[in-house]
There are 2 protein chains.
Amino acid sequence: MPSDQQSEHSDQPVDELDARLLLLLTDEPRLGVLECSRRLGVARGTVQARLDRLVERGVLTGFPPALDLGAMGYGLTAFAVVEIAQGRRAEVCEGLAAIPEVCEVHATTGQGDLFVRMVARSNADLQRVVDHVVDVPHVRRLSTSIALSTPVPPRVRPLLERVKGRPPR
Amino acid sequence: MPSDQQSEHSDQPVDELDARLLLLLTDEPRLGVLECSRRLGVARGTVQARLDRLVERGVLTGFPPALDLGAMGYGLTAFAVVEIAQGRRAEVCEGLAAIPEVCEVHATTGQGDLFVRMVARSNADLQRVVDHVVDVPHVRRLSTSIALSTPVPPRVRPLLERVKGRPPR
DNA sequence: TAGATCACTATACAAATTGCCCAGCGAAAT
DNA sequence: ATTTCGCTGGGCAATTTGTATAGTGATCTA
């Protein structure tokens, strides 16, 4: 018999079952709906419904292929803080977006600056990329630093684990 | 004597077909092998073989679920440059990894510093997270900046597009 | 308190997909 | 000349998906 006295409804965007499902998919993304239902010990329809709802709510945005840029030849990752001319963010971002090696751009507090993540094939190649960046109109100053290692790779797991462990508030 | 021209075998980690396949999966990650083969106009076995090889080579590491942290309640993203005590990187990273809101850590050039990406539910919550970070032993200084927007979200597409468009080299 | 809802279980069934295998073919490498 | 390798095209059984439907207990609402 399923049923405890769970009184959480639409308040929590992700409840425990959702978290367990997402965690499962995080570990083995290729699992089908059926397999998931078996592992979680719930009916297939439930898993299906949960997934649909997560997508609706915008929590789950898809299953994009994870590529290892290093294995693709882009062994270098660098971060750059970009200082730009006042009020030119849109143009600058457009210019940055046009550079394939620019993998991510954020506008941050501090001085209306931008924060950029980029990759390159080698130091020489990075030089080239950086040159491209500084050539973007309205870019005033660029402070680059190279990633030597990544002690904590991008992750969401701990956040899900917390939901899973903690009864919804 | 290495007759160049088109001797692309094991040199290019990702050839055009690979790129087209990955691009296709980037846009519609849930596609099955069969559907992919239809879209690309090649035999099913070919797609299967390509995928297997990409995984072998370590280029394709999987299809992890993409979660929107914002939709999950973590609407704030912040970056921090962490200055640490000499030779304590391992300990510090361990400490940082123990904080669920810390989503990513890189060791960068500059001063043997760390670069951290973290999320929070609100400004007050960010305060709490930051406090946790500074409480990690051997953390000397913390410079935090909040992400106001993300003009260029994490992407790999342009890199693949380039491979696709350009004949091998 | 009597419905009305909602989430989940449990089944069912046709259609599609997967996993695997095999023979043939052409280009490149030995 | 012979072998190797990648791709094609087909085949087949087993599994999974897409979609429905009915039943049940708990929560919400008038």
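Order of the sequence lines fixes the chain letters, A, B, ..., with proteins taken first and strands second; residue numbering starts at 1 for each chain.
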_Among D:dT17, C:dT17, C:dA10, the one nearest A:Leu34 by side-chain distance_ = D:dT17
_Looking at D:dC5, I'd like to know if its phosphate oxygens (OP1 or OP2) sit under 4.0 Å from a side-chain N or O belonging to B:Arg53._
no
_Measure CG/A:Asp15 against P/C:dA7 and give the value in whole Å, please._
11 Å
*Using whole Å, report how far CZ of A:Arg39 lies from C1' of D:dT16.*
15 Å
*Does a nitrogen or oxygen in the side chain of B:Arg38 sit under 4.0 Å from OP1 or OP2 of C:dA16?*
no
*Cation over ring, A:Arg121 on A:Tyr74, under 6.0 Å and within 45°?*
yes
*What is the nucleic acid contact for B:Gln48, judged by heavy atoms within less than 4.0 Å: base, sugar-phosphate only, or nothing?*
sugar-phosphate
*C:dG19 P sits how many Å from B:Leu51 CG, rounded?*
10 Å
*To the nearest Å, give me how far apart CG (A:Leu31) and C1' (D:dT16) are.*
13 Å
*Find out whether B:Leu159 and A:Leu67 are in side-chain contact, i.e. whether some heavy atom of one side chain is under 4.5 Å from a heavy atom of the other.*
no
_Here's a test of your reading of the structure: between A:Gly32 and B:Arg50, which maps to the more 5' nucleotide of DNA chain D?_
B:Arg50
*Among the nucleotides C:dA10, D:dC7, C:dT18, which one has an atom lying closest to any side-chain atom of A:Ala43?*
C:dA10
*Answer yes or no: are there more than 12 heavy-atom neighbours, outside B:Glu94 itself, under 6.0 Å from its atom CD?*
no
*What integer distance in Å separates B:Asp52:CG from D:dC7:C1'?*
14 Å
_For a quick check, tell me whether the side chain of B:Arg44 and the base of D:dG11 share a donor-acceptor pair closer than 3.5 Å._
yes
*Can you tell me how far P of D:dT16 sits from CD of A:Glu35, to the nearest Å?*
7 Å
*Taking 4.0 angstrom as the limit, do B:Arg157 and B:Asp27 come out as a salt bridge?*
yes
*asked:* Categorize B:Arg30 for me: base, sugar-phosphate, or nothing, with a 4.0 angstrom heavy-atom threshold over every strand shown.
replied: nothing
*Say whether, by atom type as modelled, one donor and one acceptor occur between the side chain of A:Arg89 and the main chain of A:Ala107 under 3.5 angstrom.*
no
